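What follows is a short report on a single structure.
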Number of protein chains: 2
Amino acid sequence: MARKQEFNTDEALHHALGAFWNKGYEATSLADLLQATGLSKSSLYNVFGCKRELFLSAFDAYRKERGSDMIEMLSSGTAREGIERFFRKIVMDAASPDFHRGCMSINQAVEMAPRDPEVRDRVTQDFQAIEDLLTGAIDRAQTDGSISSRRTARDLAKLLVLSFPGLQVMTRAGVSKNRLDSFLDTLLSILDQDAPAR
Amino acid sequence: MARKQEFNTDEALHHALGAFWNKGYEATSLADLLQATGLSKSSLYNVFGCKRELFLSAFDAYRKERGSDMIEMLSSGTAREGIERFFRKIVMDAASPDFHRGCMSINQAVEMAPRDPEVRDRVTQDFQAIEDLLTGAIDRAQTDGSISSRRTARDLAKLLVLSFPGLQVMTRAGVSKNRLDSFLDTLLSILDQDAPAR
DNA sequence: GATTTAGGGGACCGAAAGGTCCAGAAAAGG
DNA sequence: CCTTTTCTGGACCTTTCGGTCCCCTAAATC
C-alpha cells in the first residue's frame, strides 16, 4: 500500500549534523539544512520536526558516536597509547585545510548552553563523561605501568579534561597543526614524568 | 551651531559589548542592541555603522581592556601570585547565578573564527598574547623563585594556555564554581612541584 | 491496472531580521 | 530670536527567517 521513504533517514540526519557542526545552531538556516540533506522542506519537517528538534537529534547522534569512538580509541594498547591516540585524533582535524569543526559539544557549550537548559545538560554530561573515561584510562595505566607520573589518576584526568577544550577551540580557530602538536606534546609529557629534561 | 551628542559613545559601546558577549554575534539582534544601548536605530547606525562594524568595535574594546587587565593582574606580587590571581578571577565569574559569559575571544573562536578571517586573526592574536604574557610571568618567576617546577617557562605557559579555554568554556556552560576551583587547584599545582604529595 | 496511502515539491505565510531614510526637534552660534 | 546643524524617533523597505499546507505523484497491494 504505502510508498517507501526514498531517502535514508540516518544519512540525512548526519548531513544535517554536518551543517550544525560547521556553523552552529543560529547560523545554520533551513535553507542550509535542505541543501545539506537534499530533502524537501516537507520531508524534513515530516521526519525530523522543527529545526530545534532536528538539532537535538543531530547533537545526540554526534554525542553517542563520539562517546563510542572515545571508548574505542582509549581501549586498545596500553592506556598511555589510548590516551595519546585520542588526543592525536583531535589534532588531525587541524591538518585539513578546509573547514575546522572542533568538538560540537564544546561549540555548543559556548553557543547554546548559557541560554538553553537542554543543551546545557547535555554538555555538562559530556564533560563528566570525558573526565570519567580519562580517569578510567589512567587508572588502568597504573596497572599496565604505561604512565609514570606520580600524580593521582583524578588529577591527571583533570589536567587532560581541562586541556581538551583548548585543543578543540584552537582547532576550530584555525591554529596550525604544528602549533597544536607542540601543545599536545607538552600536555602528554605530564603523563610520562614529572620533570622532563628539555 | 551643532547640537551635541546626548549619549556617551563609549558607554553605549560597552552596553553593546555586553549583549554580544552574552549572546554571541548571530543571536544578538538589532533590537537587542537598541535595548542594550538605549539608542535609536539612526543614532546607532550613525555612530557605529552596521551590526558587523559595531561588533568588531565592541570586540576590540573588549580585547584591549582584557589585555590591560591581564597585564595588571600578572604584575603585582610574585609571578606565582599574579598567575593565580589571573586564573582565580576567571572562575569568580562562575559564582554569579545569572548569565555566564566566559571569555569573548574564546566564544568568538568558536562562533565566528571559522568563517570570518577578521575575527580569526583577532582570536589568533589573543591566543598568542596570552601565551606570551604567561611565558613572561613564568620567566619572571625564575628570578623571584615563586615557581618551583623544573619545567621550562615555555612548557608551563603552554599548559596554562591550553587550560585557559577549558576554564572559560566550562564557566560559560555553567559548571559549578566548586568544580572549577578543583580544576584550577590541580592546574596551579603543576607550577609548584612536579610530584605533589596528595 | 485500479486503489490506496504516503512522500515530495513548492507555493504560501507571518514575523523578524538588518538596514535606509525622512521629518521634526533641539541645541549652539550669531 | 533666528538660523544652522545635527541628533533623534520612527516609519518604511527588502530579504530572509522558521514553519505550514496542499496538491500532485509514485509506489505497494490486490
Side-chain angles (χ1 to χ4, degrees), chain A residues 1-60 104 107-108 111-112 114-119, chain B residues 1-60 107-108 111-112 115-119:
Chain A
M1 280 167 170
R3 188 175 162 187
K4 275 188 201 161
Q5 187 172 284
E6 289 182 2
F7 59 89
N8 180 315
T9 301
D10 200 59
E11 267 180 30
L13 183 65
H14 277 78
H15 287 308
L17 166 58
F20 281 129
W21 191 356
N22 279 339
K23 304 179 69 169
Y25 180 79
E26 295 288 347
T28 302
S29 67
L30 274 213
D32 291 331
L33 294 169
L34 297 182
Q35 198 196 349
T37 58
L39 300 186
S40 71
K41 205 174 268 197
S42 47
S43 301
L44 187 129
Y45 271 83
N46 280 338
V47 179
F48 298 113
C50 69
K51 182 187 176 186
R52 183 195 156 72
E53 290 170 322
L54 171 54
F55 171 79
L56 289 178
S57 300
F59 190 22
D60 282 337
M104 193 174 176
N107 298 348
Q108 287 308 312
E111 185 187 7
M112 304 273 282
R115 57 201 156 91
D116 188 325
E118 294 197 55
V119 174
Chain B
M1 276 165 167
R3 188 177 160 184
K4 273 190 202 160
Q5 187 172 283
E6 287 183 2
F7 59 88
N8 181 316
T9 301
D10 200 60
E11 267 179 31
L13 184 66
H14 277 78
H15 287 307
L17 166 58
F20 282 128
W21 192 355
N22 280 337
K23 303 180 68 170
Y25 180 79
E26 295 288 347
T28 302
S29 68
L30 273 214
D32 291 332
L33 294 169
L34 297 182
Q35 199 196 348
T37 58
L39 300 187
S40 73
K41 205 174 267 196
S42 47
S43 301
L44 188 130
Y45 272 82
N46 279 338
V47 179
F48 297 113
C50 69
K51 183 187 176 186
R52 184 196 155 72
E53 291 171 322
L54 171 54
F55 171 79
L56 289 178
S57 299
F59 190 22
D60 282 337
N107 298 347
Q108 286 309 312
E111 185 187 7
M112 304 273 282
R115 57 199 157 94
D116 188 326
E118 294 196 54
V119 174

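In this text the structure is predicted, and so the values were computed from the model without any measurement. To find a chain, count down the sequence lines: A is the first, B the second, and so on, and within it residues start at 1.
- Rounding to whole angstrom units, CG of residue A:Leu44 and P of D:dC21 are separated by 16 Å.
- Residues B:Ser43 and B:Asn46 bring no donor and acceptor atom of their side chains to less than 3.5 Å of each other.
- Regarding B:Leu39, its CG atom lies at a distance of 16 Å from the P atom of C:dG19, rounded to whole Å.
- Residue B:Ser43 places at least one side-chain N or O under 4.0 Å from the OP1 or OP2 atom of D:dT8.
- Contact annotation for A:Ser40: base contact, defined as any heavy-atom pair under 4.0 Å involving a base atom.
- Rounded to a whole Å, the CD atom of A:Gln35 is 14 Å from the P atom of D:dG18.
- One atom, CZ of A:Phe48, and another, P of D:dG19, lie 15 Å apart when rounded to the nearest Å.
- A:Leu30 places its CG atom 19 Å from the P atom of C:dC12, with the value rounded to the nearest Å.
- Distance, A:Leu33 CG to D:dG18 P: 8 Å, rounded to whole Å.
- Checking the phosphate oxygens (OP1, OP2) of D:dG9, no side-chain nitrogen or oxygen of B:Ser42 falls inside 4.0 Å.
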task: Evaluate side-chain contact (heavy atoms from CB on, under 4.5 Å) for A:Leu39 paired with A:Phe48, printing each intermediate quantity in order.
output: CA-CA 11 Å; A:Leu39 300 186; A:Phe48 298 113; 4.2 Å; yes
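- Using a 30° and 60° split on the angle between ring planes, A:Tyr25 and A:Phe20 fall in the parallel class, below 30°.
- Summarising the geometry, the separation between OH on A:Tyr45 and C1' on C:dC12 is reported as 14 Å, rounded to the nearest angstrom.
- B:Lys23 and A:Glu26 are not joined by a salt bridge, as no carboxylate oxygen comes within less than 4.0 angstrom of a charged side-chain nitrogen.
- The separation between B:Lys51 atom NZ and C:dG19 atom C1' is 12 Å, rounded to whole Å.
- When the side-chain nitrogen and oxygen atoms of A:Lys41 are compared with OP1 and OP2 of C:dG10, none of them lie within a distance under 4.0 Å.
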